[in-house]
Amino acid sequence: MDCSGEHNPSSTSPPHTGTTIVAVTYAGGVVIGADSRVSTGNYISNRASDKITPLTDRVYLLRSGSASDTQAVSDYVRYFTEQHESQLQRPALVKTVAGMIRSMNYQYKHLVGAMIVAGWDAAGGPQVYGCPIGGTLSKESWTTDGSGSTYIWGYLDEEFREGMTRSEAEDLVATALELAMARDGSSGGMVRLVTITEKGAERRCVAV
């Protein structure tokens with residue numbers, strides 16, 4: 001993740017999304033994880049950043065790209081979600097919150113943010129939505145993004161299976177992040193995990 005917040009839309013260089021984020025569904029919930037390194041160019045400005053942002057009690061956002069851009073998006077969407085829940089008098093659906101993220105990404109294409117929305121609701125159970133740069137939205141059983149994702153797509157595709165237990169899903173996400181951090185210079189620090197179920201969200205950190 002880049003904390004410089006600088007991006008030139010006319011530049012021919014691809015946007016930098018230095019980080020690794022992963023989300024995996026399992027029977028009963030979702031496990032999401034991220035590394036904790038934030039860089040400004042080649043300088044590591046924060047080795048213990050939290051790239052996992054709560055939008056509601058059971059919907060979380062994984063952020064990669066420009067730290068300032070993705071923080072702004074999460075703040076706006078959290079505000080709109082609170083208004084939405086206040087009007088309906090019920091928790092927001094995961095797909096509704098994901099749609100807000102997609103809309104922000106699409107309308108403001110100068111923002112550099114590849115994000116993942118994950119959570120649980122009574123209507124759809126555990127859900128994961130990938131929202132890459134540009135405003136696409138894709139519902140998946142698992143997904144990954146950021147510069148480190150290049151190294152672990154094959155691993156996740158091979159190891160993921162439907163109906164995993166919570167422990168298996170947590171181990172899969174933690175191992176995938178550790179593998180990405182071993183190869184990707186823009187990913188590092190510690191592994192942060194959040195497990196989201198009907199009962200709420202639980203956090204833990206894994207030292208690497």
Side-chain angles (χ1 to χ4, degrees), residues 1-25 30 32-35 38-39 49-56 58-85 87-88 91-121 123-150 152-153 156-157 173 180 184 186-187 194 196:
M1 180 172 284
D2 183 3
C3 73
S4 65
E6 298 178 359
H7 175 59
N8 181 4
S10 63
S11 173
T12 57
S13 62
H16 181 65
T17 58
T19 196
T20 307
I21 52 178
V22 180
V24 170
T25 59
V30 179
I32 59 178
D35 74 301
V38 175
S39 57
S49 174
D50 188 356
K51 305 173 186 178
I52 306 176
T53 304
L55 300 177
T56 74
R58 295 180 182 84
V59 182
Y60 277 66
L61 179 68
L62 289 164
R63 303 180 293 111
S64 71
S66 164
S68 57
D69 286 354
T70 57
Q71 285 171 359
V73 169
S74 65
D75 288 344
Y76 275 111
V77 171
R78 187 186 302 109
Y79 170 77
F80 292 137
T81 300
E82 289 173 354
Q83 299 301 308
H84 177 74
E85 291 181 331
Q87 291 176 352
L88 297 183
L93 299 177
V94 180
K95 67 178 181 181
T96 300
V97 180
M100 294 183 193
I101 296 290
R102 181 209 60 80
S103 180
M104 290 284 292
N105 255 5
Y106 183 78
Q107 293 181 40
Y108 303 99
K109 290 185 173 63
H110 64 283
L111 299 179
V112 181
M115 292 169 277
I116 299 172
V117 181
W120 185 97
D121 62 48
Q127 299 159 69
V128 168
Y129 292 88
C131 191
I133 293 171
T136 303
L137 188 65
S138 177
K139 185 179 181 181
E140 307 288 349
S141 296
W142 65 268
T143 192
T144 180
D145 215 322
S147 58
S149 65
T150 306
I152 56 174
W153 274 102
L156 287 166
D157 191 44
V173 173
D184 179 37
S186 295
S187 300
V194 176
I196 310 166

> Pick from Ile116, Ile21, Val194, Leu61: which one makes a side chain to side chain contact (heavy atoms under 4.5 Å, CB included) with Ile52?
Replying inline: Val194

> Below 4.5 Å, heavy atoms only, C-beta onward: do Val128 and Val24 meet side chain to side chain?
Replying inline: no

> Do Trp153 and Thr143 touch side chain to side chain, with heavy atoms closer than 4.5 Å?
Replying inline: yes

Who pairs with [X] by side chain to side chain contact (heavy atoms under 4.5 Å, CB included), at least two apart in sequence or on another chain?
X      : answer
Ser141 : Thr25, Phe160, Glu162
Tyr106 : Arg102, Lys109
Pro91  : Glu85

Is a side-chain N or O of [X] found less than 3.5 angstrom from the main chain of [Y], in a donor-acceptor match?
X      : Y      : result
Thr136 : Pro132 : no
Arg63  : Asp50  : yes
Asp35  : Thr20  : yes

Quick one: closest heavy-atom pair of [X] and [Y], and the distance?
X      : Y      : result
Ala92  : Thr81  : CB-CG2, 3.8 Å
Ser49  : Val38  : CB-CG2, 3.2 Å
Val94  : Gly119 : CG2-C, 3.6 Å
Gly33  : Leu62  : O-CD2, 3.7 Å
Trp120 : Pro126 : CD1-N, 3.4 Å
Ser64  : Thr19  : CB-CG2, 2.8 Å

> Quick one: side chain to side chain donor-acceptor pair (under 3.5 Å) partners of Thr144, sequence neighbours excluded?
Replying inline: none

>> Could you work out, with side chain to side chain donor-acceptor pair (under 3.5 Å) as the rule, every residue matching Ser103, not counting sequence neighbours?
In response: Gln107

>> Less than 3.5 Å apart, any donor N or O on the side chain of Asp184 or Ser147 sitting next to an acceptor on the other?
In response: yes

> side chain to side chain contact (heavy atoms under 4.5 Å, CB included) between Leu111 and Ser66: does it pass, once the steps are laid out?
Replying inline: CA-CA 8 Å; Leu111 299 179; Ser66 164; over 6 Å; no

[atom2] on [Y] to [atom1] on [X], rounded to 0.5 Å:
X      : Y      : atom1 : atom2 : answer
Phe80  : Ile101 : CZ    : CD1   : 11.0 Å
Lys95  : Gln127 : NZ    : CD    : 8.0 Å
Cys131 : Met104 : SG    : CE    : 10.5 Å

>> List the residues meeting salt bridge (Lys or Arg N to Asp or Glu O under 4.0 Å) with Arg78, not counting sequence neighbours, and say none if there are none.
In response: Asp75

> Parallel, tilted or perpendicular: which fits the ring planes of Tyr108 and His110, with parallel below 30° and perpendicular above 60°?
Replying inline: perpendicular

>> Whether Arg58 and Asp121 form a salt bridge (side-chain N of Lys/Arg under 4.0 Å from carboxylate O of Asp/Glu) is what I want to check.
In response: no

> Should Val22 and Trp142 be marked as a side chain to side chain contact (heavy atoms under 4.5 Å, CB included) after you check the CA-CA gap, both sets of side-chain angles, and the distance that decides it?
Replying inline: CA-CA 8 Å; Val22 180; Trp142 65 268; 5.9 Å; no

